[in-house]
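Throughout, a chain's letter reflects where its sequence line sits, starting with A, and its residues are numbered from 1.
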2 protein chains.
Amino acid sequence: MSAAVEKYVLHWGEMGTRWGTNRTVSQIQAILYLSPHPLRADEIVDLLSVARSNVSTSIRELQSYGLVQMTHTLGDRRDYFESPHDVWELFRVIIEQRKQRELNPTLAMLKDCAAEVDAEDETDPITKERIKNMLAFFESTNDWYEQISKIPTGTLTKLMALGAKITKLIKP
Amino acid sequence: MSAAVEKYVLHWGEMGTRWGTNRTVSQIQAILYLSPHPLRADEIVDLLSVARSNVSTSIRELQSYGLVQMTHTLGDRRDYFESPHDVWELFRVIIEQRKQRELNPTLAMLKDCAAEVDAEDETDPITKERIKNMLAFFESTNDWYEQISKIPTGTLTKLMALGAKITKLIKP
DNA sequence: CTCTTGTTTCAGTTTAGACCGAAACTACGC
DNA sequence: GCGTAGTTTCGGTCTAAACTGAAACAAGAG
């Protein structure tokens, strides 16, 4: 592993903990993304110096996200793993994961709370209002995401390139 | 504290740990957001059952983000605290924090790595390409954010309401 | 049957961070 | 000077989670 690759992998591992997964999972994703060829689990063990069992379960987790595919070559029954190399695909998966971890549970909680304060007289009306405002915000964010996530990558990159110019289309 | 408020505060605290702060900080933000009137630090101590020192440092952190303002009343020199009640303002602050914690360091790392592999012959060309692709993605995301963050709330809500319809303006 | 490849489980260790509570400090008002 | 209000610091404790390493297991190849 070159110094640059090592730096990348270590950083990615650190960031992973802020993105909802653990260090090993994101380090494996990093090394698979960077590797010029698919890797075997035991190669990952050597490269990252982690336990075999850890690699096994981490790969399983990545597979469940669609961030790792298994490949084989003729005459070799060992499993090789690789990551998608399209950054947009990676990005979509990460966003989707975070939505499920962060947005969905909060949305559910807010719906609960809103229903609860409606049927009750204990909570201050101002507080009730605040809860409902927050719920409305999360609902519209959720709706927005549902729509945006269906837009093909090519269109999205164009939209992003437009940036703030997009407001000129809407303002008048 | 009513049952609904307690549920909200506890959940917000849990989520906070996924949003880059600790539980106490986000619980305080939650209770200040929901409270019909500004609260004193010692009231927060009672409501959340946390140490006074913890409240003090947490409020300081929230103030540094702009998520807490101090207020006073005549003839009372005690400090009262309140949170902005505009959900969009809260949202902007949270996003900005996350950008600083997640995007900026990664962008810096990627720039480092890209420069490093340029000056070196050890790393596989494919790997070099992957690093540069990732850098390009983070740079465009960063540029996009810089522009979007300057758009006033009213325009942003209109944009969000448009949702996927926005693509019809760009496609042809 | 045996070797290789791989998974799964689980008790035990390690680590990072949050949190507590005491103590020492500033600053203001009466 | 004394009480009130608040901050800051810091050693100590607690906890959740990641990770290890060993063991038991499955399943195909020769």
Side-chain angles (χ1 to χ4, degrees), chain A residues 9-32 38-64 68-82 97 101-102 105, chain B residues 9-32 38-64 68-82 97 101-102 105:
Chain A
V9 169
L10 288 175
H11 180 92
W12 214 252
E14 288 303 311
M15 281 302 135
T17 64
R18 302 192 169 166
W19 296 350
T21 55
N22 61 44
R23 195 186 308 129
T24 309
V25 167
S26 21
Q27 283 185 349
I28 291 177
Q29 197 282 316
I31 201 99
L32 290 179
L39 296 173
R40 296 193 309 273
D42 55 283
E43 290 177 303
I44 298 173
V45 167
D46 291 343
L47 285 166
L48 301 181
S49 304
V50 290
R52 183 65 181 77
S53 57
N54 197 1
V55 171
S56 195
T57 52
S58 297
I59 284 181
R60 202 156 209 282
E61 185 175 332
L62 285 166
Q63 282 178 314
S64 81
V68 157
Q69 288 99 42
M70 205 191 294
T71 62
H72 293 97
T73 47
L74 277 175
D76 187 349
R77 67 188 174 88
R78 292 174 300 182
D79 296 340
Y80 287 80
F81 301 98
E82 65 181 340
Q97 286 300 314
R101 264 180 248 263
E102 299 173 10
Chain B
V9 169
L10 289 175
H11 180 92
W12 214 251
E14 288 304 310
M15 281 303 135
T17 65
R18 303 193 166 164
W19 296 351
T21 56
N22 61 45
R23 195 185 310 129
T24 309
V25 167
S26 20
Q27 283 186 350
I28 291 176
Q29 197 284 316
I31 201 101
L32 289 180
L39 296 174
R40 295 192 310 274
D42 55 283
E43 290 177 304
I44 297 173
V45 168
D46 291 343
L47 284 167
L48 301 182
S49 304
V50 290
R52 184 64 183 78
S53 58
N54 197 3
V55 171
S56 194
T57 53
S58 297
I59 283 182
R60 203 159 208 280
E61 186 174 333
L62 284 166
Q63 281 178 315
S64 80
V68 157
Q69 288 99 42
M70 205 190 294
T71 62
H72 293 96
T73 46
L74 277 174
D76 186 350
R77 66 191 176 87
R78 293 174 299 181
D79 297 339
Y80 287 80
F81 302 99
E82 64 181 341
Q97 285 303 313
R101 263 179 247 263
E102 299 173 10

Self-check item: Between dG6(C) (C1') and L39(A) (CG): distance, integer Å
Solution: 17 Å

Exercise. Report yes if some heavy atom in the side chain of Q27(B) is under 4.5 Å from a heavy atom in the side chain of S58(B); otherwise report no.
Key: no

Quiz item: Is the backbone N or O of S53(B) less than 3.5 Å from a side-chain atom of T57(B), with the two atoms forming a donor-acceptor pair by type?
Solution: yes

Quiz item: Rounding to a whole Å, what distance do you find between H72(A):NE2 and dT4(C):C1'?
Solution: 14 Å

Give every donor-acceptor pair under 3.5 Å between a side-chain atom in residues 40-51 of chain A and any protein atom, sequence neighbours left out.
residue : atom : partner : partner atom : Å
R40(A)  : NE   : D42(A)  : OD1          : 3.3
R40(A)  : NH1  : Y80(A)  : OH           : 3.4
R40(A)  : NH2  : D42(A)  : OD2          : 3.3
E43(A)  : OE1  : R40(A)  : N            : 2.7

Exercise. Starting at atom CD of E43(B), determine the distance to atom P of dA5(D), rounded to an integer number of angstrom.
Key: 12 Å

Quiz prompt | Atom-to-atom span, CG of D42(A) to P of dG6(C) - whole angstrom | solution = 6 Å

Quiz item: Of R40(B) and T57(B), whose closest DNA chain D nucleotide lies nearer the 5' terminus?
Solution: R40(B)

Practice problem: Using whole Å, report how far CG of D79(B) lies from P of dA27(C). | Solution: 15 Å

Practice problem: Verify the contact: side-chain N or O of S56(A) to OP1 or OP2 of dG6(C), cut-off strictly under 4.0 Å; return yes or no. | Solution: no

Quiz item: What is the distance from CG of D76(B) to P of dG29(C), rounded to the nearest Å?
Solution: 13 Å

Quiz item: Do S26(A) and M15(A) have side chains that get closer than 4.5 Å, going by heavy atoms?
Solution: no

Quiz item: Can you give one letter per nucleotide of nucleotides 10-22 of chain D, 5' to 3': B if a protein heavy atom sits under 4.0 Å from the base, S if only from the sugar-phosphate, - if neither?
Solution: --------SSBBB

Quiz item: Does any N or O donor sit under 3.5 Å from an N or O acceptor when you compare the side chain of R78(B) with the base of dT4(D)?
Solution: no

Quiz item: Rounding to a whole Å, what distance do you find between Q63(B):CD and dT8(D):C1'?
Solution: 14 Å

Exercise. Working to the nearest 0.5 Å, report the span between CD of E14(B) and CD of E102(A).
Key: 13.0 Å

Quiz item: Can you check the I44(B) CD1 to dC20(C) P distance for me, whole Å?
Solution: 13 Å

Quiz item: Can you name the nearest heavy-atom pair linking L32(B) to V68(B), along with the distance?
Solution: CD1-CG2, 3.5 Å

Quiz item: Can a donor-acceptor pair under 3.5 Å be found between the side-chain atoms of R60(B) and the base atoms of dT7(D)?
Solution: no

Self-check item: Test log, rule side-chain contact (heavy atoms from CB on, under 4.5 Å), inputs E82(A) and L39(A)
Solution: CA-CA 7 Å; E82(A) 65 181 340; L39(A) 296 173; over 6 Å; no

